[in-house]
Amino acid sequence: MVHQKKLVDQVSGWLKIYDDGSVDRTWTGPPQFKFLSDSVLSHQQFIDGVAVRDTIISQGGHDLRVRLYLPEIKSENKKKLPIILHFHGGGFCISEPDWFMYYHFYVRVALSAQAIVVSPFLRRAPEHRLPAAIDDAFDTLLWLQAVAQSGSQEPWLEQHGDFNRVFLIGDSSGGNVVHEVASRAGSVELSPVRVAGAIPIHPGFVRSERSRSELEMPQSPFLTLDMLDKFLELALPVGATKDHPITCPMGEAAPPLEGLKLPAVLLCVAEMDLIRDTEMEYYEALKKGNKEVEVYVSNGMSHSFYLNKVGVDMDPDVSAQTHALITKFKDFIHNH
């Protein structure tokens, strides 16, 4: 008799889990948003000023796919480009760097900042619980070091990358990864690579107890309380709570922030984000720990608003705030 697998759990249209352990990440929400999760093929020719290629790196005992964005370089410009190491979001459970939602945004970031963007395909929960994604992210930083030392071949980076100006950036849960990788980077020798800055965008910093913003702010397609709770339950080590250091780096269980060697931090917050209050807790904790930190607030915006191409195209406020956010990245990178 053929076993008919049964649905065990599902998360807000993004993910289904079955009793045989299989996971289905087919989008089942409103069909007009499905294109945001469609894969975009790489293109080594320049389209709208940016070329995109994928490569496979062998680091940390397994192969890891990495996507690179290279802005078109004027022939007279011999200056090396900063490198942006990008970590995708998705509550550690969904999304990949080749999704259209990241492509449309990070093409713009690469062009505006005149930077090479490097984005690893991080392993995802529940098949790979944390710290798997953080290990992959840090392994990608170690790969950059190997390229810089000519121990690994990557022509775009070797020819055009400034390894003295590496910036970590991450969306949502990718912002958590930014903090973790920056923390690890501060305790090892990465020469000739230098992590010059960290940009967590709407990071998934929370506590076990609901914050006021979680209770009062409107839910959005990119973050509901159901997503927040279930994704973290699936992603954190078995038995861990949201007070785990990965999701609460400002909490009692985490290493004291004052003892960490961190680069300059640009914390990006959305005014209407469900988790705004705990993100601001992180900001205050960094300040108290005497870290170089700046907070940038997108007024009137919700979680990961800039990834929603429908909103960016149709809503003048979302469009303007997205442009302002990219400009802020550009200025931060230019100044560091």
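Since the model is a prediction, treat every value here as computed from it, not as a measurement.
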Quiz prompt | From Lys242 atom NZ to Arg207 atom CZ, the distance as rounded to the nearest 0.5 Å | solution =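 So the gap between those two atoms works out to 12.5 Å.
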
Exercise. Report the C-alpha separation of Thr327 and Phe332 in whole Å, then their side-chain angles, then the decisive distance to 0.1 Å, and conclude whether the side chain to side chain contact (heavy atoms under 4.5 Å, CB included) test is met.
Key: CA-CA 9 Å; Thr327 301; Phe332 179 79; over 6 Å; no

Self-check item: The single option from Asp48, Val50, Val312 passing side-chain contact (heavy atoms from CB on, under 4.5 Å) against Arg108
Solution: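 Result: among Asp48, Val50, Val312, Val312 is the only option passing the side-chain contact (heavy atoms from CB on, under 4.5 Å) with Arg108.
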
Quiz item: Are more than 12 heavy atoms from other residues, nucleotides or ligands located less than 6.0 Å from atom CD of Glu233?
Solution: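 No, CD of Glu233 has 12 or fewer neighbouring heavy atoms, counting only those of other groups under 6.0 Å.
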
Self-check item: His43, NE2: over 12 other non-hydrogen atoms inside 6.0 angstrom
Solution: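 Atom NE2 in His43 is crowded, with more than 12 foreign heavy atoms closer than 6.0 Å.
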
Self-check item: Co-members of Val293 in a cluster of I, L, V, M, F, W and Y side chains, linked at under 4.5 Å
Solution: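 Once heavy-atom contacts under 4.5 Å are chained together, Val293 belongs with Phe205, Met250, Leu257, Leu260, Leu262, Val265, Leu267, Val269, Met280, Tyr282, Tyr283, Leu286, Val295, Val297.
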
Exercise. Tell me, with the steps shown, if His62 and Arg123 meet side chain to side chain contact (heavy atoms under 4.5 Å, CB included).
Key: CA-CA 11 Å; His62 67 278; Arg123 282 176 293 170; 3.4 Å; yes

Practice problem: Go through Thr26 and Lys16 one step at a time and tell me if the side chain to side chain contact (heavy atoms under 4.5 Å, CB included) criterion holds. | Solution: CA-CA 8 Å; Thr26 305; Lys16 291 180 178 178; over 6 Å; no

Quiz item: In this structure, are over 12 heavy atoms from other groups packed under 6.0 Å from Gln32 atom CD?
Solution: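 Enclosed.
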
Quiz item: Leu70, Ile169: one ILVMFWY side-chain cluster at the under-4.5 Å cut-off?
Solution: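 No, it is not one cluster - the side chains of Leu70 and Ile169 are not joined through contacts under 4.5 Å.
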
Quiz prompt | Plane angle bin for Phe329 and Phe105 - parallel if under 30°, tilted between 30 and 60°, otherwise perpendicular | solution =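 Answer is perpendicular, since the angle exceeds 60°.
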
Quiz item: Same cluster for Met227 and Trp99 if Ile/Leu/Val/Met/Phe/Trp/Tyr side chains link at under 4.5 Å?
Solution: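 Linked within one cluster.
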
Self-check item: Within 45° cone and under 6.0 Å: Arg53 NZ/CZ vs Trp156 ring
Solution: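 Yes.
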
Exercise. Describe, in one word, how the ring planes of Tyr103 and Tyr69 are oriented to each other, choosing from parallel (under 30°), tilted (30 to 60°) and perpendicular (over 60°).
Key: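 The rings of Tyr103 and Tyr69 sit tilted, inter-plane angle from 30° to 60°.
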
Practice problem: Output all residues satisfying side-chain hydrogen bond (donor to acceptor under 3.5 Å, both in side chains) with Ser119, sequence neighbours left out; order by chain, then residue number. | Solution: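 side-chain hydrogen bond (donor to acceptor under 3.5 Å, both in side chains) list for Ser119, sorted by chain: His86.
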
Exercise. Please lay out, stage by stage, how His323 and Tyr306 fare under the test ring-ring contact (aromatic ring centres under 6.0 Å, His included).
Key: CA-CA 9 Å; His323 176 76; Tyr306 56 94; over 10 Å; no

Practice problem: Identify which one of Leu122, Ile246, Leu234, Leu236 satisfies the side-chain contact (heavy atoms from CB on, under 4.5 Å) criterion when paired with Phe92. | Solution: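 Testing each of Leu122, Ile246, Leu234, Leu236 against Phe92, the sole residue satisfying side-chain contact (heavy atoms from CB on, under 4.5 Å) is Ile246.
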
Exercise. Go through Leu215 and Leu274 one step at a time and tell me if the side chain to side chain contact (heavy atoms under 4.5 Å, CB included) criterion holds.
Key: CA-CA 8 Å; Leu215 295 171; Leu274 282 177; over 6 Å; no

Quiz item: Which word best sums up how the rings of Phe167 and His336 line up, parallel for under 30°, tilted for 30 to 60°, or perpendicular for over 60°?
Solution: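 Plane angle over 60°, so perpendicular.
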
